[in-house]
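The shown structure was predicted, so the numbers you read here are calculated from the model rather than taken from an experiment. Values below: all heavy atoms of this structure, side chains included; hydrogens, waters and symmetry mates excluded. All chains are named by letter (A, B, ...) in the order of the sequence lines, taking the proteins before the strands, and each is independently numbered beginning at 1.
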Protein chains: 4
Amino acid sequence: MLLFGMETLSIVALLHGPDRPGLVARVAGWIFEKGGNILHADQHRDAEENVFFQRVEWSQPGRAADAHQTAASFKTMAELELDMVCRTTVSDERVRVGVLVSRVPHCLQDLVFRFRRGEMRGELACVVSNHPELRQFCESVNLPFHHVDVQADRKSEAEETQLAIFKRHRVDLIVLARYMQILNAHFLTAAGIPIINIHHSFLPAFAGSRPYHQAYARGVKIIGATAHYVTAALDQGPIIAQDVARISHRHAVKDLIRKGQDLEQGVFAQAVRWHLEERVLVYKNKTVVFD
Amino acid sequence: MLLFGMETLSIVALLHGPDRPGLVARVAGWIFEKGGNILHADQHRDAEENVFFQRVEWSQPGRAADAHQTAASFKTMAELELDMVCRTTVSDERVRVGVLVSRVPHCLQDLVFRFRRGEMRGELACVVSNHPELRQFCESVNLPFHHVDVQADRKSEAEETQLAIFKRHRVDLIVLARYMQILNAHFLTAAGIPIINIHHSFLPAFAGSRPYHQAYARGVKIIGATAHYVTAALDQGPIIAQDVARISHRHAVKDLIRKGQDLEQGVFAQAVRWHLEERVLVYKNKTVVFD
Amino acid sequence: MLLFGMETLSIVALLHGPDRPGLVARVAGWIFEKGGNILHADQHRDAEENVFFQRVEWSQPGRAADAHQTAASFKTMAELELDMVCRTTVSDERVRVGVLVSRVPHCLQDLVFRFRRGEMRGELACVVSNHPELRQFCESVNLPFHHVDVQADRKSEAEETQLAIFKRHRVDLIVLARYMQILNAHFLTAAGIPIINIHHSFLPAFAGSRPYHQAYARGVKIIGATAHYVTAALDQGPIIAQDVARISHRHAVKDLIRKGQDLEQGVFAQAVRWHLEERVLVYKNKTVVFD
Amino acid sequence: MLLFGMETLSIVALLHGPDRPGLVARVAGWIFEKGGNILHADQHRDAEENVFFQRVEWSQPGRAADAHQTAASFKTMAELELDMVCRTTVSDERVRVGVLVSRVPHCLQDLVFRFRRGEMRGELACVVSNHPELRQFCESVNLPFHHVDVQADRKSEAEETQLAIFKRHRVDLIVLARYMQILNAHFLTAAGIPIINIHHSFLPAFAGSRPYHQAYARGVKIIGATAHYVTAALDQGPIIAQDVARISHRHAVKDLIRKGQDLEQGVFAQAVRWHLEERVLVYKNKTVVFD
């Protein structure tokens, strides 16, 4: 969606590929030649893998159409000349976010208010839930709400309905704000867009269900939450953000749940924010986060 | 070992057993009747298990011998009348600590200087290592050092030698300050005293060997260290203390190791301090830490 | 307000006064004699001041009226016999919370949702604001909203109106959820109930206005938030809770504000929760928090 | 000091000055032309001040003498062509560190062992103390120790002696490892090299003496430590690193001191490490830390 016609736009490029001398110089030189001014540039070399990663953000004076043309040209140059995988976005593009949620409301509510107070790029497009409870909240904040019942024996059908809703809302990113169903591998491929999940443990510890009960049983002194991209392997996708909090023997499972909720919503929002600001590169089941 | 003859001593009792009304009153009343004054008292009820835990510390005026007699009487009362498991210590007793270490020095060095600056109760009795490298350091701080070579095919023999050394030094607690050998189950039972280990990961994540390499491979954003009592199940004993630090894609394995060392020595020292101050109760593979 | 008639109620007593031997025994013995069972008991001795602090919570079987009678008797005993300052509450009493807020919504919104998901004792009674912006949110969650304009030259008058509203709603606690006006000393004494404020800095650093701008100018590497009881001395009341977050040179003032909001709402909610759970004792401009 | 003759050396340049388009391109292009390969590059724009900051590290194949020549040429280019303030170092240069310390040993001891285990660049050159207590430790680790008595009425004289010792040891950086004397402004100018201090509070809170006593009196819930460059204004120099730890009403001043020591040595070592790795730029009493 185009927001501005006349303002100076900025472009973000995320690129990675085989390292070689001169990459930083070529990228910076290309931008300078096109009249851009670099606002931020951050790069990383994986010395073991010999891979170069970069996030570069620059202001591009001129009309919006020109900025989009420049972004496309950059991508072509990066791919053909530098042998990089490259993704570009222009600041007048707004990512549309679809939410999958069950009954626990805090991650959704927290996210909604962060969007409202201008803390997040992009926009919330719709909420899809396998339970009806959060309809009222969504309607009170004018967010389209769709209840899609998920029966164990008709899960594929429900997932088709969910996908159709997200397509209708032209969603670019799906976030699971404490969605208590495992998605079929088919959903992931059919969606074709990134999916971010919040898991209520410090992964890889306590993957799977009821992680706070697991943590209580093991007697750990610190609990955590993990936001990650969803892959076909449950709770094993690339980790974007994690946070932790101290607990003691005084905390029962219900205290872990309460303390964990603050972690979950904070980590979840941070991962979504970083994604929306084009700060996350995935490489070999790990992330590079240019924060 | 007796340190003082005439000063007012204090007694610490750690007790746990089936909860029932009146326990706090009985303990406090008993101490009051014997002329003691409670300095600290902390209790915990496990509501699920209906177990009562308490740490109570009181000053006991009179001669040292009387304090020891009072401590013994308390233990008898707690066991027979209150049906508690009870352990008491008097402030003129100094726990003697034996150290097992390999080559990595930081946990040992840090511990030594904490003892020296008066931060820890008890005293370091001796160091046993399967490598000779740390002899010079130990000698520079007047700490008896014993090199016991551990050959894979003669491990039991080496462990007998280690145990004999610890017995000779009248050790009450063994601490593994980055000791890179797995102890046989026989060692644990033959020693008959608590053993504290520092593991360089946030357990239960990354148990076993090379945890920093495992953490790097998984792409976690936070690393940790865990101090726990050693049991026959590797890295699965009751956790005493944990701490964590943030990392990013910029950190190679060697950076994880460096950052982890600060965690390890801090967590290790804290666990040893809590143990020496009689703050840790073990119950069903978990700890209650009265900090 | 009475909630239950027949269930077993619990009583919390908070007491402090000159230390002397036998206090713990007397309190525990008294409760045992009255048929109560201690659920939690936590005490603290200030060795310098020789002051004893205790929070004791016990279940008191019988009718609600009996529990209230027992609580009153305990208070009398503690005051007359033990020379303590004592406050008791019974679990069927619900503290009513009044909110003062200006325009920044996050602390209010976060607090509302915590009450809704059952994380907080007591209940939100009403919101009073010197701006109209938050009316819609309050109405969407069925929370009475009152707009009281505060003109610089008619502040006392406005404060009288605010006080009248809080009295009408029978408020027991006032919380300032980012209220950007300094309250007159008269307000504090006329209110006669505790007032909790959230200050957006790590007090005592950066007291007064625009603390994030001050922090940015000083170049600190960590920012914080502080919840404290309000006293006549601005930002100098007893501190209840604090939290911090790391920043770097990359963070502009607007980033500090965004990161700080998470701190503010977390610290604010924790302080209000502790207060509502009767965990906070004020003594000589400091707090004892039995968490 | 030159360490290697034949290996590939790396060069670090730290530069800052007025921002303008093309800076990143020019720097990267220049390095590429000279045959260098950028290992890390990190830049920052202060949007308010319109200042550009950069740290760039590149490998420079060829002989050591050539690398030094290239570093000098880069500096000339950055200053004359780009109007930057620029500082360069080659990886065969080792910064020599002089320590000022009083009696409290932990920061010194911790630093010594970090150097020993290869965690720090550069080398410890000597220790100067106004007390004799730490002589034995220094000698046990083969570190030259100089006792310079500092009498209140003859401080300038003592400072001349200290400066002479540091000059004799060709020191490039002075670190105050808990040095409990205020340095005269003359010392700072006469030394002509950076000086890093560790202050045992979360500055700007509790500047001056006895900060843990101040923190205890104020009743804060978090304590901290701050490493900063020393300037003529006491405790007001540019902050390099800070860290914090939670405390409660249970902690007496001596507990704050003990817990604070861990903070102090960690923050101190981190600031010194960053300085030695050429990661710190000072600008207008603030630091840019390229970590």
Problem - Any donor-acceptor pair under 3.5 Å from D:Gln43 side chain to A:His40 backbone - result: no
Practice task
Output the distance between atom CZ (D:Arg45) and atom CG (A:Asn37), rounded to the nearest 0.5 Å.
Solution key: 6.0 Å
Exercise for the section: Give me the contact list for residues 12-34 of chain D versus chain A, heavy atoms only, anything under 4.5 Å, ordered by residue number. Expected result: D:Asp19, D:Arg20, D:Pro21, D:Gly22, D:Val24, D:Ala25, D:Ala28, D:Gly29, D:Phe32
Handout entry: Pairing residues for D:His200 by the ring pair (Phe, Tyr, Trp, His ring centres under 6.0 Å) criterion, not counting sequence neighbours
Key = D:Tyr212
Fill in the blank from the handout: Sequence neighbours excluded, the answer for side chain to side chain contact (heavy atoms under 4.5 Å, CB included) partners of A:Val244 is A:Phe202, A:Ile222, B:Ile222, B:Val244
Fill in the blank from the handout: Listed by number, the residues in residues 276-291 of chain A that come under 4.5 Å of chain D (heavy atom to heavy atom) are none
